[in-house]
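Input: a single structure, listed below in structure tokens.
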Amino acid sequence: MIDYICKIASIDEMETKWNYEIKKNKSPNWKIWKAEAIECVRNEQSIAYYGILNGEIICETTAMIDKRIVQNSEKLVDEKTAYLCAFRTIEKYQGKGFFSKLFRFMIDDLKSKGYEKVTLGVEPAEAENLKIYQHLGFSEFIKSAQETYPDGTVIDVNYYGMELD
């Protein structure tokens, strides 16, 4: 029997998922991102959404709802627009519809909170991710800019938006 739920993550669940990501990804950025992510949820600046299958966190995404925590935030986040990030699904569960269900759950939750638009960023080289985002409805090109990781790495990012119906 498949027991799959979508929910707003608790701090304990975030600790578990971030520890998994830190173990999997050796870059020191992940420890910094963990601390920032948990602090932002505690400060009600973001909302973490998790998909949990038979008790295991298998996918996640985050809605950042405070422009002060988003790089290049102009046109990306305001009182009616949430910036989405951290679209992650454990590899063996990719392509099975779990993230799509989590995405729909998040969109429904954001709409119920009064949001009318969502935005996200994607690196130009991530063509597969862009296809997925366009399939989800992110068809409006907003702008291009650069973001800086905690370790100083600078990346190019294209930003896209989607109106919520």
Tell me whether L53 is reachable from Y20 by hopping between hydrophobic residues (I, L, V, M, F, W, Y) whose side-chain heavy atoms are closer than 4.5 Å.
-> yes
The reported gap from CZ in F87 to CE in M106 (rounded to nearest 0.5 angstrom) is 5.0 Å
same_hphob_cluster(V122, F99) at 4.5 Å side-chain heavy-atom cutoff | yes
For atom NZ of K7, is the number of surrounding heavy atoms from other residues, nucleotides or ligands below 6.0 Å larger than 12?
-> yes
Please answer whether the main-chain N or O of S27 pairs with a side-chain N or O of N25 as donor and acceptor at a distance below 3.5 Å.
-> no
Which atoms form the tightest heavy-atom contact between Q146 and Q71, and what is the distance?
-> O-OE1, 4.4 Å
In Å, rounded to the nearest 0.5 Å, how long is the span from CD of E60 to CD1 of I52?
-> 11.0 Å
Step-by-step side chain to side chain contact (heavy atoms under 4.5 Å, CB included) determination, Y49 to F103 = CA-CA 9 Å; Y49 297 89; F103 183 79; over 6 Å; no
Any side-chain heavy atom of V118 sitting closer than 4.5 Å to one from L110?
-> yes
Option from N129, N158, I155, D156 for which side-chain contact (heavy atoms from CB on, under 4.5 Å) with E123 holds | I155
Only counting residues at least two apart or in another chain, list the ones meeting side chain to side chain contact (heavy atoms under 4.5 Å, CB included) with P28.
-> none
So, the side chain of T61 versus the backbone of A48: is there a donor-acceptor pair under 3.5 Å, distance only?
-> no
So with a 6.0 Å cut-off around NZ of K113, is the heavy-atom count from everything else above 12?
-> yes
Is there a path of hydrophobic side-chain contacts, each under 4.5 Å between heavy atoms of I, L, V, M, F, W or Y residues, that connects F98 with I5?
-> no
Determine whether M14 and Y50 make a side-chain contact, defined as any pair of heavy atoms from C-beta on separated by less than 4.5 Å.
-> yes
Between atom CG of L120 and atom OG1 of T62, what is the distance when rounded to the nearest 0.5 Å?
-> 12.5 Å
Side chain proximity check, K67 to D78, heavy atoms < 4.5 angstrom = no
Can you see which heavy atom on E147 is nearest to which on Y159, and at what distance?
-> OE2-OH, 2.6 Å
Can you find a pair of side-chain heavy atoms, one from K92 and one from I58, that are under 4.5 Å apart?
-> no
With side chain to side chain contact (heavy atoms under 4.5 Å, CB included) as the test, would you mind laying out the steps for L102 and Y4 before giving the verdict?
-> CA-CA 10 Å; L102 178 62; Y4 181 68; 3.9 Å; yes
Separation between CG (L76) and OG1 (T119), nearest 0.5 Å, reads 4.5 Å
Say whether I22 and I90 are linked into one hydrophobic cluster, either directly or through other cluster members, by side-chain heavy-atom distances under 4.5 angstrom.
-> no
Note, Y160 side chain near Y133 side chain (heavy atom, < 4.5 Å) = no
D66 and V77 have their tightest heavy-atom pair at N-CG2, 4.0 Å
Test side-chain hydrogen bond (donor to acceptor under 3.5 Å, both in side chains) on E56 and Y93 and set out the steps.
-> CA-CA 11 Å; E56 178 186 5; Y93 299 108; 3.2 Å; yes
Would you find more than 12 non-hydrogen atoms of other residues, nucleotides or ligands less than 6.0 Å from K31 atom NZ?
-> no
From T89 atom OG1 to I57 atom CD1, the distance as rounded to the nearest 0.5 Å = 12.5 Å
Report yes or no: do I11 and I69 belong to one cluster of Ile/Leu/Val/Met/Phe/Trp/Tyr joined by side chain heavy-atom distances under 4.5 Å?
-> yes
Side chain proximity check, K34 to N19, heavy atoms < 4.5 angstrom | yes
Given side chains that start at C-beta, do those of Q134 and L130 come closer than 4.5 Å, heavy atoms only?
-> yes
Side-chain contact test, heavy atoms from C-beta onward, threshold under 4.5 Å: evaluate it for L84 versus F138 and give yes or no.
-> yes
Chi angles and distances behind the side chain to side chain contact (heavy atoms under 4.5 Å, CB included) call for K111, D165 = CA-CA 8 Å; K111 284 174 27 179; D165 49 7; 3.7 Å; yes
Can we say E74 and K143 salt-bridge, meaning some charged N sits less than 4.0 Å from an Asp/Glu carboxylate O?
-> no
Hey, what do you get for CH2 (W33) to CD (E21), rounding to the nearest 0.5 Å?
-> 10.5 Å
